[in-house]
Amino acid sequence: MVLTAITRDRWRSNFSEWFDWVIEEAEVYDYGRYPVKGMGVWMPYGFQIRRRVLELIRELHDRRGHEEVLFPLLIPETLLRKESEHIRGFEDEVYWVTHGGLEPLDVKLALRPTSETNITYYESLWIKSYKQLPKKYYQIVSVFRYETKATRAMIRLREVTTFKEAHTIHDSFEDSERQVLEAIEIYRELFDNLGIPYVISRRPEWDKFAGALYTIAFDTVMPDGRVLQIGTAHNLGQNFTRAFDFKIQLQDGSLDYPWQTSYGVSDRVIATIIAVHGDDRGLVLPPHIAPIQVVVIPIPVGSEEEKRLVLEEARSISRVLEERGFRVRVDEREELRPGAKYYYWEARGVPVRVDVGLEEVKTGVLTVVRRDTLDRYKVAGEELPSFIAKLFNDITVNIKRRAWDYLLSSIRRVTSMDEAREWAGEKRGILEMPWCSREECARRVEEELEVKTLGVVWPFEEARGLACPICGRPAVTWVRYAKTY
RNA sequence: GGGGCCGUAGUCUAGCCUGGCUAGGAUGCGGGGCUUGGGCCCCCGUGAUCCCGGGUUCAAAUCCCGGCGGCCCCA
């Protein structure tokens, strides 16, 4: 009866294949069949997961005074080219609309790769005074990037269908700095809420957002040991407002360019929920975002009368749980046997299962199984709602701790290149080394270990008394490297 | 940026090298029977412009060229 230990062998050793399998098996996202590279379809079950994540994102922004807006998808070339660093960073991956019907357009139209330019244009029309600031806008939209590298479902797309981009504007540099901190707090809260572990790094100069003063990034470690960027926050300084010649009146009556920040998260948040919590049987969803939180499986055995009793009991349990606010489904399908249903709902990550057979009907004691560990419990019927509520909490805590344990065990802090080379032999996770902060040294490490620089540990951490393992100069801080997606 | 592998029912796959028969199987789906405490079994049925376009040939899923798409490795 108990062949219910969870395994994560495929999850760990064959992550790409596992990921493609799970999003299809759980009917989250149909990828690879659409006749345009890098584009996929959110299926009903996946859409519901996505919707709950978006609700959370909206709540976190709204609570802190952000206002949701919706800007046009098409950005004329003239706007996109206003800020020179910005266009240089995006130029080779922009999709262009060049025709209206058969007519070639005078001004090409970009499918937005991001919206700094058209939003700044409107801000310059709307905002005239420091009294209107700070202003915090956000939108959740599709963005397009003509990726030339291999695309992957939900992780590297040409149409990013779920891009939450926030754009803020301030009357001083200090206030924009405070805003970057708020952005970091929002993302901490978002990822903590979803049980997603992360490290925060300040990206190196050569890898910051095109047009920004600097970029703070959230990264996580995938089961295969490669690192995925899951959120970024940029201080844009006055770069865009200068480019748009956008000035406001300050308290002392003078005119100056306002300061901006922008920060974003994408489909990758959902991909990460799937990746960090899943196992060889499929999804493991945090209860608060699971479309179905409890599935009741009737086990119809015996006489017709006994089958009827079992089904009625299953329905009655479902009603009670629904009244308590749980999202419940009774799987009454007659063509599937209970075992097949277990696999079905486990693949979809339903947090809790309740089995109802003749035994349960007779004794009033129910069999409850939690998805994250597959542990079984015997629970008296009247205690079921409170038991499940507590179980949700346990599951949330357990999967978060498990994910954090994995991330923390993937970080290796070293002080010499010998140790770094040893780490590179395994190529799993994140390497942290003292750094003199010169690009030259980081580039040497990138080249020798075949990694990318994630950036310096944020918040800033002194590397007291240590030397840069490359040049031997005194180290200023700690820097992170990893193989990335 | 460079290299390699691959594309056959919804899905997975055999056949391709060595061109020729009704493109075979599994799974799924529809119907029927039997069953139901961890992916039951049996019968019948259904489903493929063999990715697209061009070429070679009496004949192309198979060989050649181009495109589109997917996966992997290296920089």
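Labels below follow one simple rule: chain letters A, B, ... track the order of the sequence lines, proteins then strands, and each chain is numbered from 1.
Comparing B:rG19 with B:rC63, their P atoms are spaced 9 Å from each other, to the whole Å. Taking atom C1' on both nucleotides, B:rU11 is separated from B:rG28 by 7 Å, rounded to a whole Å. Spacing of P atoms, B:rC6 relative to B:rC51, comes out at 14 Å, to the nearest Å. Comparing the C1' positions of B:rA14 and B:rC50 gives an interatomic distance of 13 Å, to the nearest angstrom. Taking atom P in both B:rG53 and B:rU8, one finds a spacing of 16 Å when rounded to whole Å. Comparing the C1' positions of B:rG4 and B:rC44 gives a spacing of 46 Å, expressed to the nearest Å. Nucleotides B:rG10 and B:rC29 place their P atoms 14 Å apart, quoted to the nearest Å. Going from the C1' atom of B:rG25 to that of B:rC68 covers 29 Å, rounded to whole Å.
Counting distance only, with no hydrogens placed and no angle test, the side-chain atoms of A:Glu346 and the base atoms of B:rG38 include a donor-acceptor pair under 3.5 Å. For A:Arg353 against B:rG38, a side-chain-to-base donor-acceptor contact under 3.5 Å is present. Remark: the A:Glu24 side chain and the B:rG10 base include no donor-acceptor N/O pair separated by less than 3.5 Å. Within 3.5 Å, a donor on the side chain of A:Arg376 pairs with an acceptor on the base of B:rG38, or the reverse.
A cation-pi contact, defined as under 6.0 Å to the ring centre and within 45° of the axis, is absent between A:Arg353 and A:Trp345. For the pair A:Arg202 and A:Tyr214, the distance from NZ or CZ to the six-membered ring centre is under 6.0 Å and the angle to the ring normal is within 45 degrees.
When the side-chain nitrogen and oxygen atoms of A:Tyr31 are compared with OP1 and OP2 of B:rG70, one or more of them lie within a distance under 4.0 Å. Of the side-chain N and O atoms in A:Thr367, none sit less than 4.0 angstrom from OP1 or OP2 of B:rG37. Under 4.0 angstrom from either OP1 or OP2 of B:rU35 there lies no side-chain N or O belonging to A:Arg337. OP1 or OP2 of B:rC72 lies within a sub-4.0 Å distance of a side-chain N or O belonging to A:Ser16.
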Before you tell me yes or no, could you show the steps for A:Met222 and A:Thr272 under side chain to side chain contact (heavy atoms under 4.5 Å, CB included), namely the whole-Å CA-CA distance, both residues' side-chain angles and the distance that decides it to 0.1 Å?
CA-CA 8 Å; A:Met222 292 285 106; A:Thr272 304; 4.1 Å; yes
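Note on A:Ile297: nothing from the nucleic acid sits closer than 4.0 angstrom, heavy atoms only. Using a 4.0 Å heavy-atom cutoff across all strands shown, A:Lys341 reaches no nucleic acid atom at all. The residue A:Glu360 sits close to a base: some heavy atom pair falls under 4.0 Å. Using a 4.0 Å heavy-atom distance criterion, A:Glu17 is classed as making no nucleic acid contact. Among the protein residues, A:Gly38 comes within range of the sugar-phosphate backbone only, with heavy atoms under 4.0 Å from sugar or phosphate atoms but none that close to a base.
Counted by atom type alone, A:Thr367 and A:Lys378 present one or more donor-acceptor pairs between their side chains at under 3.5 Å. Side chains of A:Asp355 and A:Tyr342: a donor-acceptor N/O pair is present below 3.5 angstrom, by distance only.
Out of B:rG38, B:rG39, B:rU36, the shortest distance to the side chain of A:Val369 is found at B:rG38. Checking B:rU36, B:rG10, B:rG38 against every side-chain atom of A:Ile299, the shortest atom distance belongs to B:rU36. Considering only side-chain atoms of A:Arg33, the nucleotide from B:rU11, B:rG37, B:rA75 that sits closest is B:rU11. Each of B:rA75, B:rG39, B:rG37 was ranked by its minimum atom distance to the side chain of A:Ala340; first place goes to B:rG39. Taking the side chain of A:Arg158 as heavy atoms from C-beta on, and the options B:rU36, B:rG69, B:rG70, the nearest nucleotide is B:rG69.
Between A:Ala153 and A:Glu334, the residue whose closest nucleotide on RNA chain B is further toward the 5' end is A:Glu334. Taking for each of A:Thr151 and A:Gly357 the nucleotide of RNA chain B with the nearest heavy atom, the 5'-most of the two is the partner of A:Gly357.
One can place CD of A:Glu25 at 16 Å from P of B:rG39, the figure rounded to the nearest angstrom. Rounded to a whole Å, the CZ atom of A:Arg152 is 17 Å from the P atom of B:rG69. The CD1 atom of A:Ile23 sits 14 Å away from the P atom of B:rU11 (whole-angstrom rounding). In this structure, the CG atom of A:Leu449 is 12 Å from the P atom of B:rA75, given to the nearest Å. In this structure, NZ of A:Lys37 is placed 14 Å from P of B:rG67, rounded to the nearest angstrom. Protein atom CG of A:Asp30 is 14 Å distant from nucleotide atom C1' of B:rG70, rounded to whole Å. Distance CG (A:Asp331) to C1' (B:rG39): 13 Å, rounded to an integer number of Å. Atom-to-atom, CZ of A:Phe19 to P of B:rG70 comes out at 16 Å; the value is rounded to the nearest Å.
With salt bridges taken as basic N to acidic carboxylate O contacts below 4.0 Å, one links A:Glu205 and A:Lys208.
For residues 392-404 of chain A, the pairs satisfying salt bridge (charged side-chain N to carboxylate O under 4.0 Å, His left out) are A:Lys390-A:Asp394, with sequence neighbours left out.
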Please, what dot-bracket string fits RNA chain B when only Watson-Crick and G-U pairs with both distances under 3.5 Å count, crossing ones use [ ] and pairs to another strand use |?
(((((((..((((......[...))))((((((.......))))))....(((((..]....)))))))))))).
Name the atoms and distances for all side-chain donor-acceptor pairs under 3.5 Å in residues 11-19 of chain A, with sequence neighbours left out.
residue: A:Trp11; atom: NE1; partner: A:Ala275; partner atom: O; Å: 2.7
residue: A:Trp11; atom: NE1; partner: A:Gly278; partner atom: O; Å: 3.4
residue: A:Arg12; atom: NH1; partner: A:Arg8; partner atom: O; Å: 3.4
residue: A:Ser13; atom: OG; partner: A:Asp9; partner atom: O; Å: 2.7
residue: A:Asn14; atom: ND2; partner: A:Glu17; partner atom: OE1; Å: 3.4
residue: A:Ser16; atom: OG; partner: A:Arg152; partner atom: NH2; Å: 2.2
residue: A:Trp18; atom: NE1; partner: A:Asp279; partner atom: O; Å: 2.8

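By the stacking rule of 5.5 Å between ring centres and under 30° between planes, A:Tyr342 does not stack on the base of B:rG38.
For A:Trp96 and A:Phe144, the ring centers are positioned 6.0 Å apart or more.
Other residues, nucleotides and ligands place no more than 12 heavy atoms under 6.0 Å from the CZ atom of A:Arg329.
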